[in-house]
Amino acid sequence: MTPAPFPAARMRRLRRTRALREMVQEQSLSAGDLIWPVFIRDGENIEEPIPSLPGVSRLSLDKLVVAAEHAHQLGIPAICLFPYTDQSLRTEDCREAWNPENLTNRAIRLLKSELPDLMVMTDIALDPYNANGHDGFVVNGGIVNDETVAALVKMGLAQAEAGADILGPSDMMDGRIGALRLALEAEGHRDVAILSYAAKFASGFYGPFRDAVGASGRLVGDKATYQINPANREEALACVARDLSEGADMVMVKPGMPYLDICRAVKDRFQRPTFAYQVSGEYAMLMAAVQNGWLDGEKVMLESLLSFKRAGCDGVLSYFAPQVAEALRRA
Ligand code: PBG
């Protein structure tokens, strides 16, 4: 339906007052749309700043509980854990990944006992445990798929056993969603949800994250043999279709802002719960400009997140989550 010609239609009529603008607002952002990614580390009473992610720190588990409680009180429904693994526990066989007592699994149990209503999401990939910094096993310089999937299943089962509500396979191996779903059903974890990093691109925007988990210096080569070429939209949609058919409950597009076209296409085509990850490089970019006084932090944070809703996303993983929830509460 096209609007009447001028002056019958004056688009500015409905922009005249704040109340009119609110009446016709199409999209909105709320704390309930957010998943907060958090970096954790060993130790006690530690908040270790990450220089390339201003305002973000690695938290020891006691600090994690305090931060998670704050997020929960602000109405954020879920938190996603990313471990900074001690260098001595990074090996070629990655066995720490499925250790029931590893940092992530201890954090899951602690959070579920202290804050049972807060949803705990995990990351499934070998990079925090791999001497090579890759998401899969490295054999003769290549990343082997099927052997990696078997390890990822062990890793995911250990997380489910610890009480994780949502598993987030971020590794981009083929067949992992089906293998994981089968194993979860077989082991009685029927209600553990999978939020698949289905359309995950081989992006330059992950840099600060790799600093945060201590993988930057280790990574040999790049992740182009398993993550999607940023030029490929149809391939991304095929990955989403595949993951949904294998038993993913929700799907993710990652990174976020440079891939809003993919978010819209995924929502339109599949009409399933769709999330985007506003990744570390996106956060760092905005924060760098804010710290220089070049951008208004609160404005761009809210505007950037609203863009995901407009693009069809049901929710967003963002390092801004607690700040956004606080800003929304003030508004
Ligand atoms: C690891 C993983 C990555 C991110 C989430 N899980 C990095 C990568 O694939 O290299 C990136 C998140 C971010 O940049 O904020 N599998």
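Read the numbers this way: they start at 1 and go in the same order the structure lists the ligands and their atoms. Please read these numbers as outputs of a predicted model, since none were measured by experiment. Below, each value reflects all heavy atoms present in this structure, side chains not excepted, and no hydrogens, waters or symmetry copies.
- Ligand 1 places these atoms under 4.0 Å from at least one heavy atom of Lys223: 8 (C), 9 (O), 10 (O).
- Set against the non-hydrogen atoms of Lys254, the atoms of ligand 1 under 4.0 Å away are 2 (C), 3 (C), 4 (C), 5 (C), 6 (N), 11 (C), 12 (C).
- When Gln278, Lys200, Arg210, Glu282 are checked for heavy-atom proximity to atom 2 (C) of ligand 1, Lys200 turns out nearest.
- In terms of protein heavy atoms, atom 14 (O) of ligand 1 is closest to Ser280 OG, 2.7 Å.
- When side chains are defined from C-beta on, Tyr277 does not count as touching Pro255, because their heavy atoms never get closer than 4.5 Å.
- Taking every non-hydrogen atom of Tyr277 and a distance limit under 4.0 Å, the qualifying atoms of ligand 1 come out as 12 (C), 15 (O).
- In this structure, Glu161 does not pair ionically with Lys154, as no charged nitrogen and carboxylate oxygen lie closer than 4.0 Å.
- No heavy atom of Met172 sits closer than 4.0 Å to any atom of ligand 1.
- Looking only at side-chain heavy atoms (C-beta outward), Phe270 and Leu244 come within less than 4.5 Å of each other.
- Open room surrounds CG on Asp191; 12 or fewer heavy atoms of other groups in view lie less than 6.0 Å from it.
- The pair Arg106-Asp42 counts as a salt bridge, with a side-chain nitrogen and a carboxylate oxygen less than 4.0 angstrom apart.
- Closest to atom 1 (C) of ligand 1, if we only count protein heavy atoms, is Asp127 OD2, 2.8 Å.
- Residue-ligand proximity, Ser170 to ligand 1, at heavy-atom distances under 4.0 Å covers atoms 1 (C), 2 (C), 6 (N), 16 (N).
- Ion pair Arg181/Asp249 flagged as a salt bridge, since at least one NZ, NE, NH1 or NH2 atom sits closer than 4.0 Å to an Asp/Glu carboxylate oxygen.
- Counting heavy atoms closer than 4.0 Å to ligand 1, residue Asp171 contributes nothing at all.
- Against a heavy-atom cut-off of under 4.0 Å, Ala125 is close to the following atoms of ligand 1: 16 (N).
- Proximity of Val279 to ligand 1, defined as any heavy-atom pair under 4.0 Å, is shared by backbone and side chain alike.
- If you check which protein heavy atom lies closest to atom 12 (C) of ligand 1, you get Phe209 CD1, 3.3 Å.
- The shortest N or O to N or O distance between Tyr197 and ligand 1 is not below 3.5 Å.
- A donor-acceptor contact under 3.5 angstrom links the side chains of Asn105 and Asn102, judged on distance only.
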Next item on the list: Output, in order, the C-alpha distance, side-chain angles, deciding distance and verdict of ring pair (Phe, Tyr, Trp, His ring centres under 6.0 Å) for Phe209 and Phe82.
Entry: CA-CA 9 Å; Phe209 173 96; Phe82 292 100; 5.0 Å; yes
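- Ion pair Lys200/Asp243 not flagged as a salt bridge, since none of the NZ, NE, NH1 or NH2 atoms sits closer than 4.0 Å to an Asp/Glu carboxylate oxygen.
- At the shortest separation from atom 15 (O) of ligand 1 among protein heavy atoms lies Tyr319 OH, 2.6 Å.
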